[in-house]
Structure formats: structure tokens, C-alpha cells
Amino acid sequence: MTSATARAHTNIALVKYWGKRDSELMLPQTDSLSLTLSEFYADTRVEFSNRLDHDELIIDGQSINGKGLKKVQKVLDLVRKMSHIDLAARVESENHVPMAAGLASSASAFAALATAASTAAGLNMSRRDLSRLARRGSGSATRSIFGGLVEWHRGIDDLTSYAEPIMEEVDFPIEMMAILLNTEQKKVSSTLGMQHVVETSPYYPAWREVVAADMQKIKQAIDKHDINEIGHIAQTNALRMHALNLAADPGFTYFNDATLKAMHAVDDLRANGTNCYYTMDAGPNVKVIYDRADRNKIQAALSPLFGADNLIVSQPGPGTVLLDQE
Ligand code: DP6
């Protein structure tokens, strides 16, 4: 086997990962929990070949060097070490996610890379081990190996920090709508943003406690299929994550004026009787959490404000799959 192609979907955290305690091993400060989405994904093909004299990375037809290639090589090197393969690789990825706009493009990218690279190298890894491998590329990718509602156990070391599905086939009508406000590259990467917060935000000790409590509460709400409670926990958790950024030194924010407008619109809808909640990541875009039965009402209210084309409805999505191998 020398080449393989995998498809991985993005995930959006309902209880956020925002801080590492080991950046080489990519061990997080806290547990986290996410929903994998049907609508945004990456297809990645990896080929190991003796015709190549160096690793190549092509994303959406563009050759990538520098930092982007280095992160990919970190995962390739781990695969080469595990499989005792000493060949260069060509990695070609097609991204169906607006890149670096807080829609977690790195989650799908590294989950697809881990799966394709390990298969191309002839390794037959369990999904748990794939999630550990994906973690070395990007933390949020740990969770994208699985579909539906997924928990990432922070663990105490490389072996114990992996993701696990809580409910892979989501059997209640939770849905997420992304409001695309800005698909330009973000200014502060999540890697740098979270590192700055761990180092300088005085609220960080409180955040660890917030996440521990939210993990318990959200799992109970999932058990009860209680979408309002899930949404409420997710919104509060997101605001508290973003409060860490404001309280850092120097403080910063991913919000722009359109982010605040979207947050207000969702709060107004809820105040007027349509239950929906928001969450935001390392970018200005807002994701709305709601019961599928309320989709039309929410679309009708948000379309005049943000444009119907900028509202992307997504269902819970599947875990990473192999598309082919040769
Ligand atoms: C706000 O996984 O992109 O989306 O591990 O440094 O690659 P690195 O960061 P990344 O951070 C994601 C942060 C988040 C919250 C989350 O997905 O849990």
C-alpha cells in the first residue's frame, strides 16, 4: 500500500478546548466536547513514493511551504517512524471549509491526514490511535475522527489523551447553522491565542473549573436529548472562553461588529420565544444551535440581516472515512 485518500468532517466544540499543557505532545489543559458537522469536510490523499525527494503539500491546487508544511510533516514523521518507512510523501487536500475563519478547518485537515497517511504507510490503526495521531497535528482534529457528539479526554500523557464518541448517530433533532460573516484568514491563530491566554489570563484557573462542570452538565443534557440545555451550556461556555481572551495581557478578541450583531440577533430570537443559542471559535463567525423544527423561523429572521447565502445549515456529521487505497 502506498497511497490512500480519506474524508474527515469538521467539528464545532460545545465545550471548548482553549489551552495546552504540552505543546509538543499537544496535550490540552481540559477535556472538551464537540459536534461533528455534515457540511464541512476535507478530502486528503497521501502517497509515499521513492520518486519524491522531499515532502510536498498541495491544498486546493496550491503548493504550501513554511509553517503549514511543517505541521503536516510532524504527522508524516510520526507515521514514518511507526511504519519504518523512509520515503517522502505527497499530500493533496481539497478543503470544503472556509479556511481559518473559525470553522475549524484544521480539525478536518488533520483527521483526514492522520487517516490517509497511516493507511498509505500500511498501518492498521484503531480509531482511538488515529485520534491520538490527529491530535499531534491539531488539537481539535482529535475529535474529528468520530461522528456526532464526541468527547476528548485530556488524559495525562500521549497514550491517554484521545477522543471517544458519546453518540455517533445523533438520534435527536439538534442542528447547527453557520453564519458566515468573514471568511478571510484570521489574525490570531488558535495556537497562539490559547497559548497567550494560558500565560497571561488571570481567569485561567476558573476556566478549568468551568469546563469540568460543563462537561458533566452537557453529558446529562445529551442523555436527556435536551437541546435547549445543550445550547445554553454551549453559549455560556463560549462566552467564558472569549472572556479569557479579553482578560489576557494584552487583551484581544476574535469578535467583530458583525459577530456582535449575530449574537444579539440570536438572543433576540430566543427572547421572542424561538429557542436558539450561539457559539464562536477562533474567528468572527457565529454558529447557531437549535432544534431542526425551528430552522425555518431562524432562517427567516437571520436572512435579512446576513444574507440567505451566508447561512449554512449543517446536520450532525459522520466520522473520518477512507475513500480509497492503493
Ligand atoms: C476555539 O485545534 O485549531 O476551535 O491545537 O493549536 O491546532 P491547535 O488549535 P485548534 O484549536 C481549536 C480551538 C477552538 C475550540 C475547540 O475546537 O475546542
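Each ligand, and each atom within it, is numbered from 1 in the order the structure gives.
- In this pair, Y17 and W152 present their aromatic rings perpendicular. The plane angle is above 60°, beyond the 30 to 60° band.
- Across L33, D281, L14, heavy-atom proximity to atom 4 (O) of ligand 1 is greatest for D281.
- Here R143 has side-chain heavy atoms under 4.0 Å from ligand 1, and that is the only part of it that gets that close.
- Ranked by closest heavy atom to atom 2 (O) of ligand 1, the top entry among G193, S144, S140 is S140.
- At a threshold of 4.5 Å between non-hydrogen side-chain atoms, the residues R136 and D158 count as touching.
- Between K219 and D31 there is no salt bridge, since none of the side-chain N atoms of the basic residue sits less than 4.0 Å from a carboxylate O of the acidic one.
- Side-chain atoms of S314 come within 3.5 Å of backbone N or O of S38 as a donor-acceptor pair.
- Heavy atoms of K20 come nearer than 4.0 angstrom to ligand 1 in at least one pair.
- Annotation for ligand 1: atoms under 4.0 Å from non-hydrogen atoms of S106 are 3 (O).
- Using a non-hydrogen distance threshold of 4.0 Å, S32 does not register as a contact of ligand 1.
- Atoms of ligand 1 lying under 4.0 Å from at least one heavy atom of G139, given by number and element, are 2 (O), 5 (O), 7 (O), 8 (P).
- Interface atoms of ligand 1 facing W18, defined by a heavy-atom separation under 4.0 Å, are 1 (C), 13 (C).
- For ligand 1, the polar-atom distance check against Y17 finds a nitrogen or oxygen pair separated by under 3.5 Å.
- Every atom of ligand 1 with a heavy atom of M26 under 4.0 Å away is listed here by number and element: 5 (O).
- The pair R295-E175 meets the salt-bridge criterion, with a side-chain N (NZ, NE, NH1 or NH2) lying under 4.0 Å from an Asp/Glu carboxylate O.
- Each of the atoms 16 (C), 17 (O), 18 (O) of ligand 1 lies under 4.0 Å from some heavy atom of A13.
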key: Verdict with supporting geometry, I289 and I174, side-chain contact (heavy atoms from CB on, under 4.5 Å)   = CA-CA 7 Å; I289 302 153; I174 190 169; 3.9 Å; yes
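- Atoms of ligand 1 lying under 4.0 Å from any heavy atom of M194, numbered from 1 in the order shown and given with element: 9 (O), 11 (O).
- For the pair H196 (side chain) and N245 (backbone), a donor-acceptor distance under 3.5 Å is absent.
- Checked against a 3.5 angstrom limit, the closest N/O atoms of G137 and ligand 1 fall outside it.
- Note: W18 and Y254 have perpendicular aromatic rings, judged against thresholds of 30 and 60 degrees for the angle between ring planes.
- Checked by atom type and distance alone, the side chain of R21 never pairs as donor or acceptor with a backbone atom of Q29 at under 3.5 Å.
- Taking every heavy atom of T191 and a limit of under 4.0 angstrom, the matching atoms of ligand 1 come to 6 (O), 7 (O), 8 (P).
- The proximity of S138 to ligand 1, defined as any non-hydrogen pair under 4.0 Å, involves the side chain as well as the backbone.
- The main-chain N or O of F306 is found under 3.5 Å from a side-chain atom of N310 such that the two form a donor-acceptor pair.
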